[in-house]
Amino acid sequence: MANLKGKVALVTGAARGIGAEIAKRLAEDGADIAICDLKAEWCEETVKAIEALGVKAAAFGVNVAVSAEVDACVKGVIEKLGRIDIMVNNAGITKDGLLMRMSDDDWDAVLNVNLKGTFLFTRAVARPMMKNKSPEGEQLGGAIINIASVVGIMGNAGQANYTASKGGVIALTKTTAKELGSRNIRCNAVAPGFIQSKMTDVLSEDVKKAYMDTIPLKRFGKVRDIANAVAWLAGDEAAYVTGQVISVNGGMI
Ligand code: NAI
């Protein structure tokens, strides 16, 4: 396990699902954790689980698509926990439909949360991360980890908005790595395959079977599988890894 003691991580969309598991996994490695979701009170269970691991936790109500709310959240995290070393852009939504029938609203909603939300938090944490220095003045920087998706790499019928947002997240990850690398801020993406969660529970049995047929490991992923990859990217073992997309998909692609 990575040693994240003394570090502070901020995870978006962490009331449940993959985000909640990432928050707990980083807490197991010793980081203090700030989490946010649309409503702070939705985060209560995750906060309790984090505190039970003996580290500090703070929850914020934030719509990741709203610039002022994102900036206020980052300010609040620094006031409460002192710094931000690890940023995990996890909040995401789907509004599926064939592109010929997709409404402007469904396109905008998904792009705003998944892609603009990732941009807004990346922009907001860049400066505080640049200020992270050791007592000797060494640039400590930080680690930004964006949650993309296998379909952002391969496309998927019925998900024009979602696949475009996740493909955008991958391109944004690579650009962020190039712009902030000189400050020792690394930026990588994790691209999950089919992970058992509320987002995928709603799919029909037919759709689930069709996915299963494409997975060499013959099981759907667990939220823990994603959290483990994020924890590795957040820690010093990945100190020379930036601008990469780590696929965690059971071999789907
Ligand atoms: P989920 O729906 O269980 O959790 C998403 C969380 O984000 C929820 O707590 C929700 O309230 C929050 N959220 C939504 N809109 C928000 C906003 N505007 N501001 C703040 N919080 C907001 O989804 P799940 O499965 O845990 O997904 C997490 C991430 O993983 C998403 O980015 C998703 O696209 C990605 N992903 C999930 C896969 C899966 O199979 N479940 C596969 C590939 C990627």
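Every number for a ligand or one of its atoms is a count from 1 in the order of the listing.
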With only distance considered, is [X] within less than 3.5 Å of ligand 1 through an N or O on each side?
X	value
Asn63	yes
Gly19	no
Trp42	no
Asn90	yes
Phe194	no
Pro192	no

Should the heavy atoms of other residues, nucleotides or ligands under 6.0 Å from NZ of Lys95 be counted, would the total exceed 12? no

Ring-face cation contact, Phe60 with Lys80, 6.0 Å cut, 45° max: yes

Protein contact to [atom] [nearest heavy atom, distance to 0.1 Å]:
atom	result
atom 16 (C) of ligand 1	Leu38 CG, 3.8 Å
atom 19 (N) of ligand 1	Val64 N, 3.1 Å
atom 24 (P) of ligand 1	Ser197 OG, 3.9 Å
atom 3 (O) of ligand 1	Arg16 NE, 3.0 Å
atom 11 (O) of ligand 1	Asp37 OD1, 2.5 Å
atom 7 (O) of ligand 1	Gly13 CA, 3.5 Å
atom 26 (O) of ligand 1	Ile18 N, 2.9 Å

ILVMFWY network linking Ile147 to Leu38, side-chain heavy atoms under 4.5 angstrom: no

Side-chain heavy atoms under 4.5 angstrom apart, residues restricted to Ile, Leu, Val, Met, Phe, Trp, Tyr: same cluster for Leu115 and Met87? yes

Numbering as shown, the atoms of ligand 1 that approach [X] to under 4.0 Å (heavy-atom distance):
X	result
Ala91	7 (O), 21 (N), 22 (C), 32 (O)
Ile195	39 (C), 40 (O), 41 (N)
Gly17	26 (O)
Ile147	29 (C), 30 (O), 35 (C)
Val113	15 (N), 18 (N)
Tyr162	33 (C), 34 (O), 35 (C), 36 (N), 43 (C), 44 (C)
Val62	19 (N), 20 (C)
Ile93	14 (C), 15 (N)

Measuring from the heavy atoms of [X], does anything fall under 4.0 Å of ligand 1?
X	answer
Lys166	yes
Cys36	no
Phe220	no
Thr12	no

Heavy-atom donor-acceptor pair, Ser149 side chain to Ala191 backbone, under 3.5 Å: no

With heavy atoms only and a cut-off of under 4.0 Å, state how Ala148 meets ligand 1: side chain, backbone, both or neither. backbone

Using a 4.0 Å heavy-atom threshold (strictly under), name the region of Val151 that reaches ligand 1: side chain, backbone, both or neither. neither

Carboxylate-amine/guanidinium contact Asp85 Arg83, below 4.0 Å: yes

Out of Gly92, Ala65, Ala14, who gets a non-hydrogen atom closest to atom 5 (C) of ligand 1? Gly92

